[in-house]
Amino acid sequence: MNSAVESMPPSRSGLFRRLPSVDEVLRLETVAALGRDSGRQTVAEAVRAVIDDLREKIASGTLDGAGLDDVLADPAALVAERVRRLTAWSLRPVINAGGVIIQTNLGRSPLPVAALDRIVACATGYSNLETDLVRGERGRRDDHAGSMLDRLARRNGLTDVATIVVNNNASAVLLALAELARGGEVIVSRGELVEIGGSFRIPDIMEQSGAHLREVGTTNRTRVADYERAITENTRLLLRVHRSNFEITGFTEQPALSELVELGRRRGLPVMEDLGSGALVDMAAFGIPSEPSLYESLRAGVSVVTCSGDKLLGGPQAGLIAGRPDLIRRLRSHPLFRALRVDKMCYAALEGTLAGYLAERYDEIPLLRMLRLPPEEVARRCGTLAAAVPALRPEVVPTRTMVGGGAAPGKSVPSFALALSPGSCGAQDLARRLRALPVPVVSRIEEDRVLLDLRTVDEEDDAYLARALAGLESDAVIGEGA
Ligand SMILES: *Cc1c(COP(=O)(O)O)cnc(C)c1O
């Protein structure tokens, strides 16, 4: 490898000549065997890449004759490694120990098993997605989750509410504004002109919908009289946007929903609320009081409410639009509804999730289960994990798990975390190593320690975590540049 003579140009050309052709490598039985799992073309891609690599190494002088001998003795090993890299999944499971329950960057809500069961049942074959099996006619896909949502609404004292499902909450807001307010004005408080992560901005959505934004009040204070003064013959809608990811504290004022509803009634204007999180049950039972549910808004008299399916609802990515049947009917016939429609997997997953609500088996919805996990239970698991990694100077520390994800601003539930002090390699480096594990682990750093909040970790993953941490613990591994 380091012989100056070997790396001289004349011998390089000798090395180049010793490189086998792609076909020669592909004909080796050990290499051909790789194609049975990964496909012949994938193996060919890998072989080409391996040979290109070797050629580059020879050219740069980092591969000498002895090195090439080693490679050519068993080319299949290098090819197999290439095949593994080529066929690695892009979207992979991750263990979320970072202390945020609804984390958009980590896919928001983990799905209930029942949701996956419904996907497997309905999506691996055909389904009655748009077939009325009784009449043998074309049916409507939006009927599917609809009847379950109707039952939930009725249980919450709402007999006259219709619900439709679109791709996500951003789509829901876009569709509702486009149908209910295109060409007219929508009145919004300046304190609610929010941006939700991933560039969902109310003013931008408004512009795309063809509705005109009429801002009223100030960032911290808006009164119902501000809305009233702004109403003209062009006004189509009064819009309330849930402050999903921020709080305004101090000298603040925001009209009660009931005041807006009353104003809307008096002036013949629908009130729409972009609720964001979309809890379907009273979240006080889950440790986050004052997070309004979809039904509370509707009971307060809001005409149309939109929310996400994968925030506090705990289901698949979706946007729910619930409200007055006459308005929902209009949204249903808007061309955007077709463009923003969801597929069979979404309906299947939504039904699987809603079944948990209807059966009141809330622990089958991972998001709700995680919220309700007693802190001492989390502490106990942290303690068990601590025992496996003494060299990382583990300590079980009280912390709070953030609800997160544009759901409940600043809201959190008490929890415990395992704090690790990695010593020489540093917290950043340990966090990076955790992310590089076969199943990556997302942690959080506080005061130069790595914190693992187990509230959001499936207990079945604790054993993996213990093994993985024990592997990282030894200095040999920690000292190795990864
Ligand atoms: C999260 C959120 C959105 C965006 O919802 P998506 O489902 O991500 O499209 C819009 N408005 C509010 C208030 C939100 O909290």
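Because only heavy atoms are used, hydrogens play no part in the values below, and waters and symmetry mates are left out as well, while side chains stay in. Numbering of ligands and ligand atoms starts at 1, following listing order.
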Fill in the blank from the handout: Going by the 4.0 angstrom heavy-atom rule, the piece of Arg108 near ligand 1 is side chain
Exercise for the section: Check if Lys311 has a non-hydrogen atom at a distance under 4.0 Å from any atom of ligand 1. Expected result: yes
Taking distance alone, no hydrogens or angles, what donor-acceptor pairs closer than 3.5 Å link side-chain atoms of residues 90-99 to residues at least two apart or in another chain?
residue : atom : partner : partner atom : Å
Asn96   : OD1  : Gly98   : N            : 3.0
Asn96   : ND2  : Val100  : O            : 2.9

Exercise for the section: Just jot down the ligand 1 atoms closer than 4.0 angstrom to any heavy atom of His242, in number order. Expected result: 13 (C)
Fill in the blank from the handout: Smallest heavy-atom separation, Pro422 atom then Leu430 atom, equals CB-CD2, 3.8 Å
Exercise for the section: Check the surroundings of atom CZ in Arg266: do more than 12 heavy atoms from other residues, nucleotides or ligands lie under 6.0 Å from it? Expected result: yes
Handout entry: Listed partners of Asp326 passing salt bridge (Lys or Arg N to Asp or Glu O under 4.0 Å), at least two apart
Key = Arg324
Exercise for the section: Assess whether atom CZ of Arg361 is packed by more than 12 heavy atoms of other residues, nucleotides or ligands within 6.0 Å. Expected result: no
Fill in the blank from the handout: In ligand 1, the atoms that come under 4.0 Å of a heavy atom of Ala170 are 5 (O), 6 (P), 9 (O)
Fill in the blank from the handout: Looking at Val241, Asn169, Leu275, Ile202, the heavy atom closest to atom 4 (C) of ligand 1 belongs to Asn169
Handout entry: Test of proximity, Ser308 against ligand 1: N or O pairs below 3.5 Å
Key = yes
